[in-house]
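Below you'll find the structure, written out as structure tokens, and then a few comments.
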There are 2 protein chains.
Amino acid sequence: MSKAKLGNRLKVARAEKNLSQEELARLVGVTRQTISSVETGQYCPSALLAFLLAQKLEKPITDLFFIEGDEP
Amino acid sequence: MSKAKLGNRLKVARAEKNLSQEELARLVGVTRQTISSVETGQYCPSALLAFLLAQKLEKPITDLFFIEGDEP
DNA sequence: GCATATTGTCAAGTATACTTTTCAAATTGA
DNA sequence: TCAATTTGAAAAGTATACTTGACAATATGC
């Protein structure tokens, strides 16, 4: 796979909606640890999870995620 | 994970740009089989790959991918 | 008709997303 | 200050994304 990475602004967006990781996890159907791992950049979510997060946080997906270090 | 699925319009978007699966694969840094598998719905790409595809196909990511069968 | 390009698919392997369980630390509030 | 909530993180397991190599089928151009 491309060496680019995917950054995110999940933590802020979640805070704006006053949701705990636990609550957001339930909304999108994953575990709390998955939310935590994505927020702290441990791994890149699936496209499906990214879309679900955008939907539940009521933000455009491009506001939540962005490509970092592309090109090469 | 949520039981929702992610549909896509990749094949059309790629055709519009006159790219072969092979060429698109090179552009985003994956193999041809990966492109084929995503197009035929065998699996959901990572969010990173979805963003890269949108970038190289010059389409909004929400034009290329969409949630199917949400709610439950 | 022949050669080449394009695509679907399959099998086996590797990498990574996601789960489950668990512990510690920081935060909040009564 | 004590209890409850929230978060980070780690280890081990399962599921799925992605690779590599290969073969067949169709389409395209000469």
Side-chain angles (χ1 to χ4, degrees), chain A residues 1-59 61-62 64-72, chain B residues 1-59 61-62 64-72:
Chain A
M1 269 276 300
S2 164
K3 80 182 69 166
K5 290 246 168 191
L6 200 68
N8 75 79
R9 293 183 253 274
L10 226 108
K11 194 161 182 162
V12 231
R14 179 174 60 79
E16 281 171 15
K17 299 223 95 189
N18 282 309
L19 292 169
S20 66
Q21 292 181 344
E22 181 78 37
E23 290 168 327
L24 180 55
R26 274 192 54 262
L27 284 175
V28 298
V30 297
T31 62
R32 176 183 75 78
Q33 287 80 347
T34 294
I35 300 294
S36 176
S37 297
V38 173
E39 282 189 358
T40 60
Q42 286 199 239
Y43 52 69
C44 168
S46 66
L48 176 56
L49 179 51
F51 268 81
L52 289 169
L53 287 167
Q55 179 180 89
K56 298 303 183 183
L57 292 173
E58 298 176 290
K59 287 253 182 183
I61 193 172
T62 47
L64 287 183
F65 301 93
F66 46 92
I67 297 180
E68 277 176 332
D70 203 3
E71 294 323 302
Chain B
M1 269 276 300
S2 165
K3 81 182 70 165
K5 290 247 169 190
L6 200 68
N8 75 80
R9 292 183 254 273
L10 226 108
K11 194 161 183 162
V12 231
R14 179 174 59 79
E16 282 171 14
K17 298 224 96 188
N18 283 309
L19 291 170
S20 67
Q21 292 181 344
E22 181 77 38
E23 290 168 326
L24 180 55
R26 275 191 53 262
L27 284 175
V28 298
V30 297
T31 62
R32 176 183 74 79
Q33 287 83 342
T34 294
I35 301 295
S36 175
S37 297
V38 172
E39 282 189 358
T40 61
Q42 286 199 240
Y43 52 68
C44 167
S46 68
L48 176 56
L49 179 51
F51 268 80
L52 289 170
L53 287 168
Q55 179 181 89
K56 297 303 182 182
L57 291 173
E58 297 175 291
K59 287 251 181 185
I61 192 172
T62 47
L64 288 183
F65 300 93
F66 47 91
I67 297 179
E68 277 176 331
D70 203 3
E71 293 325 301

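Per chain, numbering begins at 1; letters A, B, ... match sequence-line order.
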Expressed in angstrom and rounded to an integer, what is the separation of A:Q42 atom CD from D:dA11 atom C1'?
-> 12 Å
Mind jotting down which residue pairs meet the salt bridge (charged side-chain N to carboxylate O under 4.0 Å, His left out) criterion with at least one end in residues 23-49 of chain A? Sequence neighbours excluded, please.
-> A:R14-A:E39
Please check the phosphate of C:dT7 (OP1 and OP2 only) for any side-chain N or O of B:R14 closer than 4.0 Å.
-> yes
With distance as the sole criterion, is a donor-acceptor pair present between the side chains of B:S37 and B:T34 under 3.5 Å?
-> no
Say you draw a straight line from NZ of B:K56 to CG of B:L19; how long is it, rounded to the nearest 0.5 Å?
-> 11.0 Å
Please give, in whole Å, the distance from D:dT5 C1' to A:Q21 CD?
-> 12 Å
Under 4.5 Å between any side-chain heavy atoms of B:I35 and B:L53, yes or no?
-> yes
To the nearest Å, how far apart are B:L6 CG and C:dA17 P?
-> 16 Å
Can you tell me how far P of C:dT7 sits from CG of B:N18, to the nearest Å?
-> 11 Å
Check whether any side-chain heavy atom of A:Y43 lies under 4.5 Å from a side-chain heavy atom of A:V38, and answer yes or no.
-> yes
Closest heavy-atom contact between A:I61 and B:F51?
-> O-CZ, 3.9 Å
Can you check the B:E39 CD to D:dA17 C1' distance for me, whole Å?
-> 16 Å
B:K11 side chain near C:dG8 phosphate (N/O to OP1/OP2, under 4.0 Å) = yes
Which residue lies more 5' along DNA chain D, comparing B:L49 with A:S20 via nearest heavy atoms | A:S20
Selection: residues 23-38 of chain B, any non-hydrogen atom under 4.0 Å of DNA chain C = B:R32, B:Q33, B:S36
Tell me: CG of A:L48 to C1' of C:dT16, nearest whole Å?
-> 16 Å
